[in-house]
Structures are given as C-alpha cells and as structure tokens.
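We name chains A, B, ... by the order of the sequence lines, and we start the count at 1 in each one.
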Amino acid sequence: MKRKVGKPIGQEFFNRPTLVVAEELLGQYLCRQIEGETERHIITEVEAYDGQEDKACHAHKGKTQRNQVMFGPAGQWYVYLCYGMHWLLNIVTGPEEYPAAVLFRGLQTTTGPGRLTKCLQINSDQNEKPALPDSGLWLEASALNICKEDISRTPRIGIDYAGSPWVEAPYRFILKI
DNA sequence: TAAGTGATCTCT
DNA sequence: GAGATCACTTAA
C-alpha cells in the first residue's frame with residue numbers, strides 16, 4: 001500500500017487483515033502530541049490479535065463493554081488496564097463487526113507495552129478515539145524501507161492460557177535494529 | 001521469582 | 001455481590 005512520508009496514516013491502512021497491518025506498522029512513526037509538543041517514535045514491536053477465533057484475543061468470547069471498540073471501524077484506539085497498573089495500547093483493524101487489533105509492544109525509545117503507554121502518557125482518555133492528529137495520538141509513515149529480513153516473528157507473550165494453535169502462532173513482529 | 005494492583009468477567 | 005483472572009513491571 002502507498003504511504004506518503006510524514007502524512008498521517010489513515011483508516012484505509014488499518015481496514016485490512018490484522019497480520020498485514022501489524023507487519024507494515026514496523027518502522028513507522030507513533031506520534032504523540034502533549035501540551036503542544038509533538039513526539040515521534042519508531043515502532044519496533046507489535047502483536048496481532050485476529051478475530052473471534054483467536055483465543056488470545058480479548059473478543060474471542062464475544063462483545064463486551066470493554067472490547068466493543070474492537071468490533072467497530074478500523075483506525076480507533078483500544079486502550080485497557082492490565083494487571084491493575086498498566087495501560088496497553090492497541091489499534092483496531094479490519095472491517096466492522098470483525099474484532100481484531102494490533103498491540104503496540106515496543107518503540108525504539110521504550111521496551112514493553114506498559115512502559116510504552118507510561119512514556120507517552122496514554123490512558124483510558126484515548127480509548128475509542130480515532131487515530132488522527134486531532135486526538136493527539138496518531139501514526140505517520142516514515143522514510144524507512146523495511147525488508148522481510150529486518151523482521152523477526154515469534155509467538156505472542158503472556159497468552160499461555162490460549163492453547164494450541166494460538167499459543168505458538170507467530171503473531172508477534174519485531175524490527176531488528 | 002514473586003508480589004503489587006484494580007478493572008473486568010463469571011458465577012452465585 | 002464475591003472470587004478468579006489478567007496481552008506487565010520492578011525489585012530482589
């Protein structure tokens with residue numbers, strides 16, 4: 001898909017298969033505006049959560065108040081509290097009524113999904129908002145040219161309960177830098 | 001390696 | 001309403 005460097009990434013980018021979106025997000029910018037200052041961080045690690053069939057996906061038991069945003073249109077943030085202290089940031093992908101999202105696990109400047117949101121001052125205020133500059137949190141295409149050789153794929157973290165084949169599914173994407 | 005932490009979900 | 005669970009981090 002064509003992306004213009006320095007332009008916000010729009011909904012059409014996210015309204016595609018979750019695994020494709022996850023892989024292509026590597027190397028792009030996650031942008032955050034705080035008190036008038038804009039920060040840009042290269043995305044280095046993401047995980048895909050793909051639909052109701054995926055037992056590791058929050059939506060696998062159906063729609064609830066928490067996960068309903070995943071059933072909505074692509075390109076909106078899904079932010080939730082994990083282990084009572086960490087906000088985790090996801091972007092909704094795929095068509096409406098297909099619950100899927102990509103979890104942001106790491107940036108060039110931070111490691112770990114909980115520290116990422118702490119660093120960018122992300123909390124439930126961003127939940128269900130569109131990923132556009134108006135919301136203060138959005139994505140931009142970078143000038144980096146990512147090759148297949150630059151990407152590692154591994155199973156996802158912290159989802160041992162999901163069982164086979166979801167435990168071992170290589171839905172985690174890491175940029176080797 | 002284990003504890004901290006609290007929203008969410010499932011079962012009464 | 002109560003109890004279990006949980007896409008993590010930190011300090012030891």
Side-chain angles (χ1 to χ4, degrees), chain A residues 13-28 30 32 34 39 41-95 97-131 135 137-139 151-176:
Chain A
F13 177 90
F14 300 105
N15 192 12
R16 294 185 298 154
T18 309
L19 290 168
V20 174
V21 174
E23 185 163 12
E24 293 191 14
L25 276 174
L26 290 179
Q28 311 308 321
L30 178 62
R32 177 68 165 135
I34 303 171
E39 303 175 359
H41 304 270
I42 299 279
I43 298 161
T44 56
E45 184 179 344
V46 296
E47 281 179 4
Y49 289 87
D50 188 17
Q52 213 150 346
E53 301 248 309
D54 180 356
K55 288 202 169 42
C57 180
H58 279 176
H60 85 273
K61 286 182 185 167
K63 192 186 291 189
T64 68
Q65 193 164 27
R66 177 173 68 158
N67 67 29
Q68 59 169 338
V69 62
M70 282 207 283
F71 290 79
Q76 294 192 308
W77 298 114
Y78 171 40
V79 184
Y80 75 95
L81 189 64
C82 180
Y83 297 113
M85 46 178 86
H86 302 294
W87 294 105
L88 267 59
L89 177 68
N90 304 249
I91 186 83
V92 175
T93 61
E97 296 305 321
Y98 184 85
V102 174
L103 167 68
F104 291 82
R105 290 193 60 89
L107 307 173
Q108 206 165 33
T109 46
T110 67
T111 56
R115 299 185 61 195
L116 184 157
T117 51
K118 187 179 177 189
C119 173
L120 296 190
Q121 301 178 37
I122 292 165
N123 56 35
S124 59
D125 291 348
Q126 290 296 329
N127 193 35
E128 303 192 35
K129 289 193 176 168
S135 310
L137 185 64
W138 71 102
L139 294 140
I151 297 173
S152 299
R153 292 185 66 162
T154 77
R156 290 169 291 183
I157 303 298
I159 53 136
D160 289 350
Y161 60 88
S164 189
W166 308 108
V167 168
E168 58 266 20
Y171 282 10
R172 180 177 175 222
F173 299 85
I174 306 164
L175 190 58
K176 298 183 227 170

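In this entry the distance linking NE2 of A:His60 with C1' of C:dT5 reads 12 Å, nearest Å. Rounded to whole Å, atom P of B:dT8 lies 14 Å from atom CG of A:Leu88. Note: CD1 (A:Ile159) to C1' (C:dT5) measures 15 Å, nearest angstrom.
Residue contacts shown for A:Arg156 are absent, as no nucleic acid heavy atom lies under 4.0 Å away. Across all strands, A:Gly114 comes closer than 4.0 Å only to sugar-phosphate atoms, never to a base (heavy-atom distances).
In this structure, A:Tyr49 packs face-to-face on the six-membered ring of C:dA7, meeting both the 5.5 Å centre cutoff and the 30° plane limit.
Side chain of A:Arg115, nearest nucleotide from C:dC6, C:dT10, B:dT8: C:dT10. Residue A:Leu81 places its side chain closer to B:dA7 than to any other of B:dA7, B:dG4, C:dC6. Ranking C:dA7, B:dA7, C:dC8 by closeness to the A:Ile157 side chain, first place goes to C:dC8. Side chain of A:Tyr78, nearest nucleotide from C:dA7, B:dG6, C:dT9: C:dA7. Taking only side-chain atoms of A:Arg66, from C-beta outward, the nucleotide of C:dC8, C:dA7, B:dC9 with the closest atom is B:dC9. When the nucleotides B:dT8, B:dA7, B:dG4 are ranked by their closest atom to the side chain of A:Met85, B:dG4 comes out on top.
Shown here for A:Val92 and A:Pro73, the closest heavy-atom pair between the two residues is CG1-O, 3.6 Å. Nearest heavy atom pair, residue A:Leu116 against residue A:Phe104, reads CD1-O, 3.7 Å. Of all the heavy atoms in A:Tyr80 and A:His58, the pair that sits closest is CZ-CE1, 3.2 Å. Of all the heavy atoms in A:Ser152 and A:Lys176, the pair that sits closest is OG-CE, 3.0 Å. Heavy atoms only, all atoms of each residue included: A:Pro99 and A:Cys57 are closest at O-SG, 3.9 Å.
A:Tyr78 and A:Gln76 are not linked by any side-chain donor-acceptor pair at a separation below 3.5 angstrom, with hydrogens and angles left out of the test.
Counting distance only, with no hydrogens placed and no angle test, the side-chain atoms of A:His58 and the base atoms of C:dA7 include a donor-acceptor pair under 3.5 Å.
A sub-4.0 Å separation between OP1 or OP2 of C:dA7 and a side-chain N or O of A:Tyr161 is present.
Base pairing in DNA chain C yields stems of at least 3 consecutive Watson-Crick or G-U pairs, both distances under 3.5 Å, namely B:1-4 with C:8-11, B:6-11 with C:1-6.
Place A:Lys118 and A:Met70 on DNA chain C by their nearest nucleotides, and A:Met70 ends up nearer the 5' end.
Contacts of A:Trp138 classified as ring-ring contact (aromatic ring centres under 6.0 Å, His included), with partners at least two apart in sequence or in another chain: none.
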